[in-house]
Amino acid sequence: MNHQSALPIAEYTLAYQALRDTTWLLNPADPTNGVNGLIKKGETIWFHRDHVGSGPSWIQVCLRDRSLPYVHLVDFEKIIVESSEGL
């Protein structure tokens, strides 16, 4: 997947861990487009500081492979140590 964001990947610095197996979507505005994947319980992803707390809607994140899909924050918990470098 090669989805681009208006925000640089380096700005996704808040590490969160999946509380359960959860699905990501490439385009939550069109969930029928078939582009989705699985984040396994315990896997780490990175949120942008400005996106956290924006509500129950889909939030763009950065995965380990540097792709930028969307997830629900409720499926993740913050990892206490923050990285200033992100990925």
Side-chain angles (χ1 to χ4, degrees):
M1 182 173 61
N2 202 4
H3 182 3
Q4 295 299 315
S5 169
L7 299 168
I9 287 175
E11 291 186 18
Y12 288 81
T13 59
L14 298 176
Y16 278 71
Q17 188 172 55
L19 296 170
R20 61 191 66 77
D21 288 353
T22 187
T23 300
W24 59 257
L25 294 177
L26 180 59
N27 182 1
D30 182 10
T32 63
N33 72 5
V35 181
N36 60 50
L38 181 68
I39 298 171
K40 297 237 183 219
K41 179 180 179 180
E43 189 174 334
T44 300
I45 66 170
W46 291 267
F47 285 76
H48 188 282
R49 181 175 309 282
D50 293 343
H51 295 176
V52 176
S54 62
S57 63
W58 292 95
I59 300 171
Q60 192 170 41
V61 298
C62 186
L63 302 181
R64 188 167 303 280
D65 69 1
R66 301 178 70 79
S67 61
L68 299 167
Y70 292 80
V71 300
H72 286 289
L73 179 60
V74 69
D75 293 327
F76 298 87
E77 69 180 348
K78 185 176 181 180
I79 296 174
I80 300 301
V81 177
E82 288 186 24
S83 168
S84 61
E85 296 177 23
L87 291 176

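Remember, it's a predicted structure, so these values are computed and weren't measured experimentally.
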TODO: Compare every heavy atom of Leu38 with every heavy atom of Thr22, then report the nearest pair and how far apart it is.
DONE: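 The answer is O-CD1, 3.4 Å.
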Open item on the list: Tell me the closest heavy-atom pair linking Thr13 and Arg49, and the distance in Å.
Closed with: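 Of all heavy-atom pairs spanning Thr13 and Arg49, the closest is OG1-NH2, 4.5 Å.
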Flag side-chain contact, heavy atom, 4.5 Å: [X] against [Y]:
| X | Y | answer |
| --- | --- | --- |
| Ile39 | Leu63 | yes |
| His51 | Gln60 | yes |
| Tyr16 | Val71 | no |

Task: Val61 reachable from Val52 in the ILVMFWY side-chain graph, under 4.5 Å edges - done: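 Yes, same cluster.
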- [ ] Please check if Val35 and Ile45 belong to a single hydrophobic cluster, counting links between Ile, Leu, Val, Met, Phe, Trp and Tyr side chain heavy atoms closer than 4.5 Å.
- [x]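 Linked, Val35 and Ile45 end up in one cluster.
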- [ ] Please collect all salt bridge (Lys or Arg N to Asp or Glu O under 4.0 Å) contacts where either partner lies in residues 31-46, sequence neighbours excluded, each pair once.
- [x]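 Every candidate salt bridge (Lys or Arg N to Asp or Glu O under 4.0 Å) pair involving residues 31-46 fails, so no pair, neighbours aside, qualifies.
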Open item on the list: Once salt bridge (Lys or Arg N to Asp or Glu O under 4.0 Å) is applied, what residue pairs with a partner in residues 16-25 remain, sequence neighbours excluded?
Closed with: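 Only Arg20-Asp75 qualify under salt bridge (Lys or Arg N to Asp or Glu O under 4.0 Å).
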TODO: Measure the SG-CG distance between Cys62 and Leu14 for me, rounded to the nearest 0.5 Å.
DONE: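 It comes to 12.0 Å.
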Open item on the list: Looking at Gln17 and Glu77, would you say the former's side chain and the latter's main chain have a donor-acceptor pair under 3.5 Å?
Closed with: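 Flag not set: sc Gln17 to bb Glu77 has no pair under 3.5 Å.
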Open item on the list: Given 3.5 Å as the limit, does a donor-acceptor pair link the side chain of His48 with the main chain of Asp50, or not?
Closed with: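 Yes, His48 side chain to Asp50 backbone: donor-acceptor pair under 3.5 Å.
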Open item on the list: Is there a side-chain contact (heavy atoms from CB on, under 4.5 Å) between Leu68 and Trp46? Walk through the geometry before answering.
Closed with: CA-CA 10 Å; Leu68 299 167; Trp46 291 267; over 6 Å; no
Open item on the list: Can you classify the ring geometry of Phe76 versus Phe47 as parallel (below 30°), tilted (30 to 60°) or perpendicular (above 60°)?
Closed with: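 Phe76 vs Phe47 ring planes: perpendicular.
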